[in-house]
2 protein chains.
Amino acid sequence: MDVTMKVRELIELCRSEGVPLTQQRIEIYKALISSREHPSPEAIYRILKDNYPTLSLATVYNNLEVLSRLGVARKLNPLSDHVRYDGDMSSHIHFVCLDCKSVEDIEPDDLESFQIPDLPEDGRKLIAKSIQFTGICEKCQNN
Amino acid sequence: MDVTMKVRELIELCRSEGVPLTQQRIEIYKALISSREHPSPEAIYRILKDNYPTLSLATVYNNLEVLSRLGVARKLNPLSDHVRYDGDMSSHIHFVCLDCKSVEDIEPDDLESFQIPDLPEDGRKLIAKSIQFTGICEKCQNN
DNA sequence: TTACAAAACGATAATATTTATAAAAGAGTT
DNA sequence: AACTCTTTTATAAATATTATCGTTTTGTAA
């Protein structure tokens, strides 16, 4: 799907969700989907600031958060403000709440379907495999 | 597996990998695997500092990093020092390098086996699903 | 057990990313 | 066009993490 099409979908989505549509939001989204680099807010800011000199870095942060909650962008590290570790190396799923940053272990009903096969490592050293769901937890939904 | 057993395995692993074994390392590991909270370094520090008043927070950070590279702990958010986003919501795998923090998209040979089934959401709002591999990338391996 | 090199530890300072704040501008609606 | 609510901008503030460096400890071998 090309950029124009995806932008059109974003516009639809904002309207149906009652989220105001701003030029900045669209440009940030376009910059995001045009990049293959999994960019940081800073990186997107750098890309855009030549053409949009008044754009603020805080706006980029805000909008990427909005986009990820709309489901059109993925926050690769929703726990970015707190490093966290897990001593349980067995195969299970983490549900991370975008609001409160809590992490719940999810035990899938059908455990077998969640085995992650090994991949050809291509010179990489593989240490751990994770499945992560992101969303809003039950508690935050009720607030 | 109980704590004693896992500690014994850590000791073996450190010996075989040539990683010095310290009391702090063991205590931090025990605190980690005894917790169900996916604890932060700060949290582990708080747990331990009563019994080990001279323990430094920096030591906790360092050791959790060591443990994750040994493969006995999982760093839930290896990209924690940089927020990153992905505009590609299709099903693919991210390989995150613990050294250089680069993110590579991996296209599995057998795409079907990587479909993540939906789960009962239990009042949660699910927004995105991710599969993440962590390790050391080819470039960093060669350094 | 003593000696030695390499690594880890502890305490603290430094860094830099992210968030908060408040005024101004813009979006959406009647 | 007016009104309300949200977003944006610019800046300041907060704070988690990393770097530094002197000291201590580990692992190994004489």
Side-chain angles (χ1 to χ4, degrees), chain A residues 7 10-29 31 38-46 48-70 73 75-85 98-101 103, chain B residues 10-29 31 38-46 48-70 73 75-85 98-101:
Chain A
V7 169
L10 172 64
I11 293 171
E12 287 302 312
L13 189 61
C14 284
R15 293 215 170 112
S16 68
E17 294 288 324
V19 174
L21 205 54
T22 66
Q23 193 58 36
Q24 290 89 334
R25 187 121 63 214
I26 294 171
E27 293 303 329
I28 288 164
Y29 181 60
H38 313 86
S40 65
E42 177 74 33
I44 289 185
Y45 177 66
R46 280 200 302 273
L48 291 175
K49 77 175 171 194
D50 284 341
N51 289 334
Y52 303 89
T54 70
L55 181 69
S56 167
L57 181 56
T59 299
V60 180
Y61 272 92
N62 290 336
N63 272 295
L64 288 170
E65 194 67 26
V66 169
L67 293 174
S68 75
R69 282 161 192 259
L70 283 172
K75 193 173 187 177
L76 292 192
N77 43 351
L79 297 169
S80 53
D81 53 350
H82 272 90
V83 179
R84 293 212 177 180
Y85 289 86
L98 289 171
D99 270 348
C100 67
K101 313 293 172 64
V103 180
Chain B
L10 171 65
I11 293 171
E12 286 303 312
L13 189 60
C14 283
R15 294 217 169 112
S16 68
E17 293 289 324
V19 173
L21 205 54
T22 67
Q23 192 60 36
Q24 289 90 334
R25 189 121 64 213
I26 294 171
E27 292 303 329
I28 289 164
Y29 181 60
H38 313 87
S40 64
E42 177 73 34
I44 289 185
Y45 177 66
R46 279 199 303 272
L48 292 175
K49 75 174 173 194
D50 284 341
N51 288 336
Y52 303 88
T54 71
L55 181 69
S56 168
L57 181 56
T59 299
V60 179
Y61 272 92
N62 288 336
N63 272 295
L64 289 171
E65 194 65 28
V66 169
L67 294 174
S68 75
R69 282 160 192 261
L70 284 172
K75 192 173 187 176
L76 292 192
N77 43 352
L79 297 170
S80 53
D81 54 351
H82 270 90
V83 179
R84 292 210 177 183
Y85 289 87
L98 289 170
D99 269 348
C100 67
K101 312 295 170 64

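Only this structure's heavy atoms are used, side chains among them; waters, hydrogens and symmetry mates stay out. To find a chain, count down the sequence lines: A is the first, B the second, and so on, and within it residues start at 1.
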Minimum-distance nucleotide to B:L55 side chain [options: C:dA27, D:dT9, C:dG10]: C:dG10
Whole-Å gap separating P (C:dA11) and CG (B:L57): 11 Å
Quick check against the 3.5 Å criterion: does A:R25 have a side-chain atom that pairs as donor or acceptor with the backbone of A:I11? no
Interatomic distance where CZ belongs to B:R69 and P belongs to C:dA8 [whole Å]: 12 Å
Between B:V66 and B:V83, which is nearer to the 5' end of DNA chain C once each is assigned its nearest nucleotide? B:V66
Distance in angstrom units between B:I44 CD1 and C:dC9 P, rounded: 14 Å
Separation of C:dT19 atom P from A:D99 atom CG, nearest Å, is 13 Å
Find the distance between NE2 (B:H82) and CG (A:L76) and round it off to the nearest 0.5 Å. 13.0 Å
B:P20 vs B:S80, nearer the 5' end of DNA chain D by closest nucleotide: B:S80
Mapping B:A58 and B:Q23 to their closest nucleotides on DNA chain D, which lands nearer the 5' end? B:A58
How close or far is atom C1' of D:dT26 from atom CD1 of B:I26, stated in whole angstroms? 12 Å
Is a side-chain donor or acceptor of B:N77 paired with a backbone partner of A:L79 at a separation under 3.5 angstrom? yes
Length of the CD1-C1' vector between A:I11 and C:dG28, whole Å: 15 Å
Can a side-chain donor-acceptor contact be found between B:Y29 and B:Q24 if the only test is distance below 3.5 angstrom? no
Check the distance between C:dG28's P and A:E17's CD and give it to me in whole angstrom. 14 Å
In this structure, CZ of A:R84 is separated from CD of B:E42 (nearest 0.5 Å) by 12.5 Å
Under 4.0 Å: is that the gap between some side-chain N or O of B:N62 and OP1 or OP2 of D:dA19? no
Is there a side-chain contact between B:T54 and the phosphate of C:dG10, meaning an N or O under 4.0 Å from OP1 or OP2? yes
Less than 4.0 angstrom between a side-chain N/O of B:T59 and OP1 or OP2 of C:dG10, yes or no? yes
Of the listed nucleotides D:dT7, D:dG27, C:dT18, the one nearest the side chain of A:Y61: C:dT18
Please check the phosphate of C:dG10 (OP1 and OP2 only) for any side-chain N or O of B:Q24 closer than 4.0 Å. yes
